[in-house]
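What follows is a set of notes on a single structure, which appears directly below.
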Amino acid sequence: KNPFSDWISYYSSTDYAKEVNDIIFLTNKLARKANRDKRYKMLLAFEIASQLELNFWDDAYHQREILGI
């Protein structure tokens, strides 16, 4: 009766792992073809997305209210 059981099941599934590996493969393929400036932008986008993800989980862990909601 865990409200997160579907979420946990999905993120621990082999289907999800395959999707992640497919995206990693595609991203690496595109990076190999990209010039230096494009690879820098890809890296910057990854860093920003990673920081946002960290902030999301950190806010949840510390039970912070976001935007006064």
Side-chain angles (χ1 to χ4, degrees):
K1 302 222 179 210
N2 184 326
F4 301 104
S5 63
D6 289 344
W7 181 82
I8 293 167
S9 293
Y10 175 69
Y11 281 94
S12 62
S13 71
T14 55
D15 287 342
Y16 179 73
K18 183 186 178 319
E19 291 172 10
V20 169
N21 287 327
D22 288 348
I23 294 299
I24 290 170
F25 176 81
L26 176 60
T27 302
N28 287 334
K29 181 178 176 181
L30 293 172
R32 282 191 297 273
K33 293 180 179 182
N35 63 31
R36 184 179 179 146
D37 183 57
K38 182 68 78 173
R39 283 192 306 271
Y40 173 77
K41 289 177 182 177
M42 292 172 74
L43 178 61
L44 185 60
F46 176 77
E47 288 176 347
I48 292 169
S50 297
Q51 186 62 54
L52 291 171
E53 183 79 5
L54 174 62
N55 293 350
F56 171 82
W57 289 109
D58 192 59
D59 288 342
Y61 180 77
H62 293 287
Q63 300 180 357
R64 292 187 186 105
E65 288 190 25
I66 307 301
L67 302 175
I69 298 172

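In this chain, numbering begins with 1 at the start of the sequence shown.
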When rounded to the nearest 0.5 angstrom, what distance separates [atom1] in [X] from [atom2] in [Y]?
{"X": "Ile8", "Y": "Ser13", "atom1": "CD1", "atom2": "OG", "answer": "12.5 Å"}
{"X": "Asn35", "Y": "Lys41", "atom1": "CG", "atom2": "NZ", "answer": "8.5 Å"}
{"X": "Arg36", "Y": "Arg39", "atom1": "CZ", "atom2": "CZ", "answer": "8.0 Å"}
{"X": "Ile48", "Y": "Leu43", "atom1": "CD1", "atom2": "CG", "answer": "10.0 Å"}

Do Leu26 and Phe46 belong together in a cluster built from hydrophobic side chains that touch within less than 4.5 Å?
no
With the 4.5 Å side-chain cut-off for hydrophobic clustering, are Leu30 and Val20 part of the same group?
no
Does the ring center of Trp7 lie less than 6.0 Å from the ring center of Tyr11?
yes
Show your reasoning for whether side chain to side chain contact (heavy atoms under 4.5 Å, CB included) applies to Lys18 and Asp15.
CA-CA 5 Å; Lys18 183 186 178 319; Asp15 287 342; 5.8 Å; no
Over 12 foreign heavy atoms within 6.0 Å of [atom1], [X]:
{"X": "Arg64", "atom1": "CZ", "value": "yes"}
{"X": "Asn28", "atom1": "CG", "value": "yes"}
{"X": "Tyr10", "atom1": "OH", "value": "yes"}

Grab the two heavy atoms, one from Thr27 and one from Met42, that are nearest each other, plus how far apart they are.
O-CE, 3.7 Å
Side chain to side chain contact (heavy atoms under 4.5 Å, CB included) for Ile24 and Asn21? Distances and angles first, verdict last.
CA-CA 5 Å; Ile24 290 170; Asn21 287 327; 4.2 Å; yes
